[in-house]
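Written below as structure tokens is the structure these notes are about.
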Amino acid sequence: MDKYIRQIDDTVDFLRTRISETPCAAIVLGSGLGKLGDHIGNATTIPYSEIPNFKTSTAAGHKGNLIFGMLAGKPVVAMQGRFHYYEGYTMQEVTFPVRVFARMGIKTLFVSNAAGGVNPDFHVGDLMIITDHINRMPNPLVGPNMEEFGPRFPDMTTVYSRRIRTIAQRQAEVMGIKLKEGVYLASTGPTYETLAEYRYFAIIGADAVGMSTVPEVIVARHSGMEIFGMSVITNEAAMLSDTCLNDGNDVVEAADRAADRMTNLFENIIAEI
Ligand code: HPA
């Protein structure tokens with residue numbers, strides 16, 4: 001664990017040589033959602049391959065850049081692509097960037113993802129505010145506790161900031177966007193769900209399902225960050241059958257079509273936080 005903390009500090013030291021002010025928020029951009037990076041002004045773009053201790057992003061729709069700059073008049077950093085457990089990374093590797101952000105003093109984490117709609121009222125292209133989650137992945141906090149970040153047994157009853165959710169709803173109303181709200185279930189992937197699994201996830205309280213986000217959120221919560229999460233619904237469980245199948249390319253394309261709406265919404269939320 002000492003080595004892990006030393007790596008975090010080395011990465012923080014490296015990033016500090018490249019930026020002039022600490023971002024107020026970090027934004028994790030999910031599959032097909034990297035466009036927000038193009039809206040960042042005065043940008044310093046650093047490929048993951050140049051950042052000490054960062055892994056490379058191998059997933060479809062993930063560019064693999066860290067972008068520092070201004071969004072809605074605020075200093076931010078965006079991850080254009082994330083690390084997934086299904087890529088073979090350990091949970092420590094998946095959540096490493098969030099530890100770096102916390103150590104830099106960044107107080108707020110925005111997370112986004114492409115997700116399958118389990119709630120029958122959800123349709124492709126819908127934006128869902130994450131109100132809560134169900135974790136079916138290994139927990140990234142298993143192992144010795146990093147006391148300098150947070151407690152051994154972190155609270156998980158109030159993970160997703162009510163304050164920012166309220167701002168999001170207000171901004172969406174002004175923009176004429178109808179937002180869904182719901183529970184995100186994280187599964188390891190890389191398989192999509194069987195029809196029985198989709199039904200099961202709906203029964204246990206999920207509205208959407210994906211293969212990311214929750215590890216980063218758990219670590220951000222452990223580090224005391226304020227968290228806002230959004231899913232873009234890219235496929236609908238209810239539409240799937242023997243003849244209508246899930247396809248990773250369709251998921252990335254559906255996310256890409258919704259990316260402008262999510263980007264504009266994030267920008268307006270960040271203006272207010
Ligand atoms: N299941 C899991 N992950 C996903 C899905 C899904 O249906 N859609 C996009 N990511």
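As the structure lists them, so they are numbered: ligands from 1, and atoms in each ligand from 1.
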Review point. Heavy-atom contact under 4.0 Å between Gly189 and ligand 1?
Key: no

**Study point:** Pair Tyr48 and Phe83, ring centroids less than 6.0 Å apart
**Key:** yes

Point to revise | Nearest-0.5 Å distance, CD1 of residue Ile129 to OG of residue Ser161 | key: 10.5 Å

Check your understanding: For the side chain of Arg136 and the backbone of Thr188, is there at least one donor-acceptor N/O pair under 3.5 Å apart?
Key -> no

Check your understanding: Is there a side-chain contact between Phe101 and Val77 (heavy atoms, below 4.5 Å)?
Key -> yes

Review point. Ion pair present between Arg82 and Glu216, side-chain N to carboxylate O less than 4.0 angstrom?
Key: yes

Practice item. Please work out which of Ser187, Gly116, Ser212 has its closest non-hydrogen atom nearest to atom 5 (C) of ligand 1. Key: Gly116

Practice item. Identify, by atom number and element, the atoms of ligand 1 in contact range of Ala114, meaning under 4.0 Å from any of its heavy atoms. Key: 9 (C), 10 (N)

Review point. Which protein heavy atom lies closest to atom 1 (N) of ligand 1, and at what distance to 0.1 Å?
Key: Glu193 OE1, 2.6 Å

Check your understanding: Which protein non-hydrogen atom lies closest to atom 8 (N) of ligand 1, naming both residue and atom, and how far is it?
Key -> Asn235 OD1, 2.7 Å

Check your understanding: Is it true that Arg221 and Asp155 have a side-chain N and a carboxylate O under 4.0 angstrom from each other?
Key -> yes

Review point. Is there a donor-acceptor pair closer than 3.5 Å between any side-chain N or O of His222 and the backbone N or O of Pro151?
Key: yes

Review point. Counting heavy atoms only, which part of Ala237 comes closer than 4.0 Å to ligand 1: side chain, backbone, both or neither?
Key: neither

Review point. Hey, what do you get for CZ (Arg165) to CD1 (Ile269), rounding to the nearest 0.5 Å?
Key: 12.0 Å

Review point. Can you list the ligand 1 atoms lying under 4.0 Å from a non-hydrogen atom of Thr234?
Key: 8 (N), 9 (C)

Point to revise | ligand 1 atoms in contact with Tyr192 (distance to a heavy atom under 4.0 Å) | key: 1 (N), 2 (C), 4 (C), 5 (C), 6 (C), 7 (O), 8 (N)

Revision key, fill the gap. Note: ligand 1 atoms sitting under 4.0 Å from heavy atoms of Tyr198 are 1 (N), 6 (C), 7 (O)

Review point. What protein heavy atom sits nearest atom 3 (N) of ligand 1, and how far away is it?
Key: Gly210 CA, 3.3 Å

Practice item. State the atoms of ligand 1, each with its element, that fall below the 4.0 Å cut-off from a heavy-atom position in Val251. Key: 9 (C)

